[in-house]
Structure formats: structure tokens, C-alpha cells
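Report on the following structure.
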Amino acid sequence: MSGSTITPWVVGNWKMNPIKADALQLVENFKHLLQTNPIDENKCHLGIAPISIALPMVQANFSSANRAIYTVAQDVSKVAGTGAYTGELSAELLVDSQIHYVLIGHSERREFFADDAAALKKKIGNALNAGMTVIYCVGESLEQREACQAETVVLQQICDIASVVESEQWEKIVIAYEPIWAIGTGKTASPEDAQAMHAKIREGLTQITAKGANIAILYGGSVKPENAVELAACPDINGALVGGASLNAESFYQIAQAFANTK
Ligand code: 13P
């Protein structure tokens, strides 16, 4: 037990995967595992972020699970409300479809889809104003880590959004630290390195908000059943954002169990 009072979160980011039939099977398999061996809601929040077209389908299928499993959007528009913005999906429209959770600032969106600090501020502001809970992703590249800039980069990414988060809205923020060099590479940050960065993030958050000590900070980057227990044992690692391993129900379940049992 780590002694933390923060309920851990284990969230699967399916990215641009899988096809519909496989998504449905994955949901069924995961529900079955939870049915057979339940994970208490008070011990771990669970969420899945599917492709946007699958959000209502996944949500509907999870409604028969024996516990809450959040359906999480992978992104949101920097434009609020409704209007002539072809291809966009606003926070209000997500909430209108009962989607109350969203990933913002994933490194793949920062790198390939021009999500810079200005865009991310708009997205976070819109999501929070629509009442959504935001999982805000931060993380440094390998070059930045090797140049000893990792902490500065990550703390700057946190500071980038501070001006748009009202004091009471920090309750709706979860941070996900995902070092870019660990994503999809099979290379996980060591528990010591991950804990060290999480402690820095925690310190930064407590300087920004009185709620800093209670904000969940998730680790992401090649989380698997084999490393989940060690990561979960770190005091400032309050859960996991899981990519590849979330596409296998058994692996994802084992990661969730590791956090539920260790915290
Ligand atoms: P992997 O778990 O596949 O490394 O992906 C991590 C990630 O990017 C989750 O958002």
C-alpha cells in the first residue's frame, strides 16, 4: 500500500484502433473479467478512450457492466458550442452525448496535429466550462531528457494551462505524465525516474493550486501487467494511461487490478 488517499485511475487510450467488431469484443471481454473478479469502484476509476465514432457504442455497451467505466474522448475542439466548423467536435456536443471525460494534449496530437499551448488552453477552457473532466497529458522527448530539460519542459506544460483553470476547476483535472520516448516503444521509465518526475509535478501543482495534493497524476508509456505493480507502488503515481496494453482485455484488467490492489 502506498498510503496515498487519491483513488487511482486506469484509463485505456485505444488511439486510432481497433475495428468495430474488435472494439465490441474487447468491451465484452473486459466486462466479463470485471464480472468474474470485480474491482471496487472506490479502489480504482476505470476509463476507455475509443475513436470518436465509437464513443456512444462503447458507452452503451459499458452501461451493463457491474461498475462505472468512463467513456473518454481522445480530443476536443478548440471551438466551443455549435457552428460552421466542419470536422470539429465541441465539448458541448460531447456532453450532449453524455461523454464527460476527455484526453487533452496527448503528445501525438501535439506532434502531428499542431496542438500548441494556445490551442490546448482553448480546449481545456472549453472542456472545463462544459463540465467535463480533463486528463491533461504532458511529457518530454528523448532529446529534451538527454539535455536535462525534462523537468523544465513538463512543468512548463503544466504552467501553460494554469491561467485557464479556475480554482474550483482543478478538481476536474487529472494529469498524465507520458514521456514521449516511452510511448509505444516498450521502454518504460524506471519507477524511480517516473516517481521523481511525478513528485516534481506534484510540487508544481501545489504551488499553482491549493488542490494540488489531491490531483491524480497518471503515468503513461509502455505500461504493461509486468511493470504495473512496481509503478503502482510509487507514492505519486496515481494510475496509468495505457495505450497498446489496453487493446487486450486481460492485460488492461491486470493493470487495473495492480493499481486497485497496491494503492
Ligand atoms: P503505450 O502504452 O502503447 O506506450 O501508449 C501510451 C500512451 O500514449 C497512452 O496515451
Side-chain angles (χ1 to χ4, degrees), residues 8-18 22-23 26 30 44-52 54-55 58 69-76 99 101-113 115 120 123-124 127 132-142 144-145 150 153-154 157-158 161 173-191 193-195 197-198 201 215-232 234 237-259:
W9 293 64
V10 174
V11 177
N13 176 9
W14 285 357
K15 308 192 179 184
M16 203 170 75
N17 299 291
D22 291 345
L26 199 42
F30 188 53
C44 190
H45 298 285
L46 291 175
I48 289 288
I51 55 172
S52 55
L55 285 164
V58 166
I69 304 163
Y70 311 138
T71 309
V72 182
Q74 294 181 12
D75 189 31
V76 67
I99 304 298
Y101 299 84
V102 61
L103 301 180
I104 295 183
H106 193 283
S107 59
E108 287 150 17
R109 297 219 57 88
R110 291 179 191 257
E111 184 177 353
F112 304 124
F113 302 100
D115 264 0
L120 294 173
K123 290 181 177 198
I124 293 205
M132 298 186 84
T133 294
V134 172
I135 301 173
Y136 176 58
C137 305
V138 297
E140 82 286 357
S141 66
L142 186 58
Q144 289 164 334
R145 175 155 284 260
V153 167
V154 167
Q157 289 169 338
I158 306 269
I161 65 156
I173 298 276
V174 171
I175 302 290
Y177 167 59
E178 300 201 303
I180 298 168
W181 48 270
I183 295 178
T185 57
K187 234 196 258 178
T188 326
S190 68
D193 284 350
Q195 166 57 30
M197 182 62 87
H198 281 233
I201 295 173
I215 296 176
I217 308 172
L218 320 186
Y219 170 79
S222 299
V223 178
K224 325 181 246 291
E226 295 76 26
N227 55 29
V229 173
E230 263 191 324
L231 290 164
C234 299
I237 299 186
N238 314 113
L241 184 54
V242 187
S246 70
L247 294 167
N248 177 293
E250 179 72 42
S251 298
F252 186 62
Y253 174 83
Q254 285 177 20
I255 294 167
Q257 214 178 28
F259 277 88

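All ligand and atom numbering here is 1-based and tracks the order in the structure. Numbers here are sequence positions counted from 1. Just so it is clear, the values below take in all heavy atoms, side chains as well, and ignore hydrogens, waters and symmetry mates.
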Response to the item:
Gly221 heavy atoms within 4.0 Å reach ligand 1 at atoms 4 (O), 6 (C)
Practice prompt. Check ligand 1 against Ser222 and write out every atom of the ligand that is under 4.0 Å from a heavy-atom position of the residue.
Written response: 1 (P), 2 (O), 4 (O)
Worksheet item: In terms of ring plane angle, is the pair Tyr253 and Phe30 parallel, tilted or perpendicular, where the classes change at 30° and 60°?
Response: perpendicular
Worksheet item: Counting from 1, what ligand 1 atoms have a heavy atom of Leu241 closer than 4.0 Å?
Response: 9 (C), 10 (O)
Practice prompt. In sequence, state the C-alpha distance, the side-chain angles, and the governing distance for Tyr177 and His198, and then conclude on side chain to side chain donor-acceptor pair (under 3.5 Å).
Written response: CA-CA 7 Å; Tyr177 167 59; His198 281 233; over 6 Å; no
Practice prompt. Of all the heavy-atom pairs spanning Gln74 and Ala49, show the shortest one and how long it is.
Written response: NE2-O, 3.0 Å
Response to the item:
atom 7 (C) of ligand 1 sits nearest the protein heavy atom Glu178 OE2, 3.1 Å
Worksheet entry | Minimum heavy-atom distance Gly220-Pro179, with the two atoms named | O-CD, 3.3 Å
Worksheet item: Counting heavy atoms only, which part of Ile183 comes closer than 4.0 Å to ligand 1: side chain, backbone, both or neither?
Response: both
Discussion item. So, 4.0 Å and heavy atoms of Gly220: is ligand 1 close enough to count as a contact?
Written reply: no
Worksheet item: Does even one non-hydrogen atom of Lys224 get within less than 4.0 Å of ligand 1?
Response: no
Worksheet item: Does some non-hydrogen atom of Gly184 fall short of 4.0 Å from ligand 1?
Response: yes
Item to complete: Please name the pair of heavy atoms, one in Ile237 and one in Ala194, separated by the smallest distance, quoted to 0.1 Å.
Response: CD1-CB, 3.7 Å
Worksheet item: How many angstroms lie between atom CD1 of Ile124 and atom CD1 of Ile173, to the nearest 0.5 angstrom?
Response: 5.0 Å
Worksheet item: Can you name the closest pair of heavy atoms from Pro191 and Leu231 and give their distance?
Response: CA-CD2, 4.3 Å
Worksheet item: Does any N/O atom on Glu108 come nearer than 3.5 Å to any N/O atom on ligand 1?
Response: no
Response to the item:
Correct closest heavy-atom pair for Lys123 and Asp75 would be NZ-OD1, 2.9 Å
Response to the item:
When distances are taken from atom 2 (O) of ligand 1, the protein heavy atom at minimum range is Gly243 N, 2.9 Å
Worksheet item: Closest non-hydrogen protein atom to atom 3 (O) of ligand 1, residue and atom name please, with distance?
Response: Gly244 N, 2.8 Å
Practice prompt. Would you check whether Ala182 reaches within less than 4.0 Å of ligand 1, judged by its heavy atoms?
Written response: yes
